[in-house]
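One structure below.
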Amino acid sequence: MTVNSVSPHPSSQYQKSLLAPCRGAVDLPQLRSAVHDNSERLHKQLSLDGLTPLWSAWIEQNDLSGSLPSAFRSRLRRDRQDAAGRYLLQRQMAAKVCKCLTAHGIPHAVFKGVAVRERLYADPCLRPADDVDLLIPSICRDAAISALIEDGFRLVSDRRTVSHQVSLKSALGVVDLHWALFRPGRSRLELAPLLLQTAHPRGMFSVLSSDADLLVMLVHPAFTKYVNGRTSRLIRVVDLDRTLRMTRPDWNWILPLIGAAGLRTAAWAVLHWQRSLMDTPVDPTVLRFLEPGRRQRRYLASWIDHRLTARLDMVPGLVQWAFTLALHERPADVLRVVIQLGKARLEAGSILKHLQQIA
């Protein structure tokens, strides 16, 4: 295990070292040396990737406290305590939101990090989340926003994402309200209604099925995080690895939906990055179904393997045009994306004004 200094665009080898405790592939002497040499910078990168609580727990479980710097262990412990506090607040907020929407008869489900950690982690506090993600039908958008504002939330809208989601804030934290998974045009069909058909109560709130969660993990980061772009976090790699190890996916349900939506290449790209970092088990028949043609595969692999989505993100429009359009399967898909994204930009102002009037 070799841990280098923190970088705005860490290499795949460096990212593997951060995931080493999750992979069970730790060279303890190298770990001790790396932490002593780069403890502050290592902590910063672990924090950015949402891994500090897992590292803290792993150090305790393996009785390594005595061989690592106390300042490093203290930072990890504080992060773990903060994550536990945020977990309790987010859990309370998720229950509050679900209760509100249920009272108004609005179908909904908590999904992504806040939901999957309850299923994948024995201690959900070890999986930090930035906010609570909520999925609703598009026809319920205005009603859901109105209901949550009446319940004490404040609308925080962003012109760039108002086509498919908004944020709402309260004293407990932030809720990201989604009525579609992507910006318009990215999918041949809207997946949100199909995913919501799997919603069911789990504890204090409603969640999607494990298969629906897996489908989201496979396709959502391709466009929202550019697979391994600047805002991607390694904790999501851990989520996907645990999902594929701990559950028995119904690929007969998942793959036809991905295919009908035209998202096979997007899912392949996410799995390509996943498998470059961890030995995540994936059925070869699944990979064959998702795999694009050789030329497209080589092109996308070059972007992902060299982290060009992160390195070139500061060049306006380059990643969106040169990388994300290549994630689509057919020229007709690309044309649809260009037309509908252009239309969405033109309509963003009027949608924003409408939602602000509701608020």
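Residue numbers start at 1 and run along the sequence shown.
Atom CG in Asp49 sits 10.0 Å away from atom CZ in Arg236 (nearest 0.5 Å). Of the inter-residue distances, the one linking Leu196 atom CG with Leu191 atom CG reads 11.0 Å to the nearest 0.5 angstrom. Note: Ser157 OG to Leu352 CG = 4.0 Å, rounded to the nearest 0.5 Å. Taking NE2 of His272 as the reference point, atom CZ of Arg275 lies at 9.0 Å (rounded to 0.5 Å). Distance CZ/Arg41 to CG/Leu46: 13.0 Å, rounded to 0.5 Å.
With no hydrogens or angles considered, no side-chain donor-acceptor pair links Asp211 and Ser209 at under 3.5 Å. When only modelled atom types and interatomic distance are considered, Asn38 and His43 share no side-chain donor-acceptor pair under 3.5 Å. In the model, Tyr121 has a side-chain atom that pairs as donor or acceptor with a side-chain atom of Asp239 under 3.5 Å. Side-chain atoms of His328 and Arg186 form a donor-acceptor pair, as typed in the model, at a separation below 3.5 Å. Side chain to side chain, Gln274 and Thr280 meet the donor-acceptor criterion of an N or O pair below 3.5 Å. When only modelled atom types and interatomic distance are considered, Asp158 and Ser167 share no side-chain donor-acceptor pair under 3.5 Å. For the residue pair Arg183 / Gln165, no side-chain donor-acceptor distance below 3.5 Å is found, with atom types taken as modelled.
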Would you give me the side-chain donor-acceptor pairs under 3.5 Å for residues 142-153, sequence neighbours excluded?
residue, atom, partner, partner atom, Å
Asp142, OD2, His354, NE2, 2.6
Ser146, OG, Asp142, O, 3.0
Asp151, OD2, Lys96, NZ, 3.4

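At least one donor-acceptor pair closer than 3.5 Å links the side chain of Ser206 to the backbone N or O of His108. Between the side chain of Arg159 and the backbone N or O of Ala348, no donor-acceptor pair lies under 3.5 Å. Distance alone, capped at 3.5 Å, places no donor-acceptor pair between the Asn62 side chain and the Ile59 backbone. Between the side chain of Lys112 and the main chain of Val216, no donor-acceptor pair closer than 3.5 Å is present. Formation of a donor-acceptor pair under 3.5 Å by the Arg77 side chain with backbone atoms of Ser56 is not found in this model. Judged by distance alone, with hydrogens and angles left aside, the side-chain atoms of Arg154 form no donor-acceptor pair with the main-chain N or O of Lys169 at under 3.5 Å. Without hydrogens or angle criteria, Gln90 side chain to Ala129 main chain gives a donor-acceptor distance under 3.5 Å.
In terms of heavy atoms, Phe205 sits closest to Ala95 at CD2-N, 4.1 Å. Of all the heavy atoms in Leu134 and Cys98, the pair that sits closest is CD1-SG, 4.5 Å. Closest approach of Ala192 to Trp179, counting heavy atoms only: CB-O, 3.9 Å. Nearest heavy atom pair, residue Leu263 against residue Val219, reads CB-CG1, 3.9 Å. The two atoms that bring Gln296 and Leu327 nearest to each other are NE2-C, 4.4 Å, heavy atoms only. In terms of heavy atoms, Arg119 sits closest to Leu208 at NH2-O, 3.2 Å.
With respect to Leu234, the side chain to side chain contact (heavy atoms under 4.5 Å, CB included) criterion is satisfied by exactly one of Leu48, Leu51, Asn228, Leu54: Leu51.
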task: Evaluate the criterion salt bridge (charged side-chain N to carboxylate O under 4.0 Å, His left out) for residue pair Asp241 and Arg245; output intermediate values, then yes/no.
output: CA-CA 6 Å; Asp241 182 75; Arg245 291 181 187 277; 2.9 Å; yes
- request: Give the C-alpha distance, both sets of side-chain angles, the deciding distance and a yes or no for side chain to side chain contact (heavy atoms under 4.5 Å, CB included) between Asp133 and His178.
  value: CA-CA 7 Å; Asp133 289 282; His178 304 252; 2.8 Å; yes
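Proximity of Pro53 to Cys125: side-chain heavy atoms (C-beta onward) are nowhere separated by under 4.5 Å. Annotation: side chain of Ser74 is in contact with side chain of Arg78 (closest heavy-atom distance under 4.5 Å). The closest side-chain heavy-atom distance from Val174 to Val132 is not below 4.5 Å. Residues Leu218 and Trp268 are not in side-chain contact: their nearest non-hydrogen atoms beyond the backbone lie 4.5 Å or more apart. Between Arg298 and Ser302 the shortest side-chain heavy-atom distance does not fall below 4.5 Å. Using a 4.5 Å heavy-atom threshold, the side chains of Met278 and Lys16 count as separate. Considering only heavy atoms from C-beta on, His164 stays 4.5 Å or farther from Glu190 through its side chain. Looking at Glu40 and Lys44, their side chains never come closer than 4.5 Å, going by heavy atoms from C-beta outward.
Within 6.0 Å of CD1 in Ile139 there are 12 or fewer heavy atoms belonging to other residues, nucleotides or ligands. More than 12 heavy atoms of other residues, nucleotides or ligands lie within 6.0 Å of CD in Gln320, so this atom counts as buried by the packing criterion. Counting heavy-atom neighbours within 6.0 Å of Met314 CE, excluding the residue itself, gives a total of 12 or less.
In summary, Asp313 and Arg230 engage in a salt bridge, as defined by a charged side-chain N under 4.0 Å from a carboxylate O. A salt bridge is defined here as a Lys NZ or Arg NE, NH1 or NH2 lying under 4.0 Å from an Asp or Glu carboxylate O, and Glu60 with Arg80 meets this definition. With respect to Glu291 and Arg297, a salt bridge is recorded, a charged nitrogen being found less than 4.0 Å from a carboxylate O. For the pair Glu329 and Arg188, the salt-bridge criterion is met [side-chain N within less than 4.0 Å of a carboxylate O].
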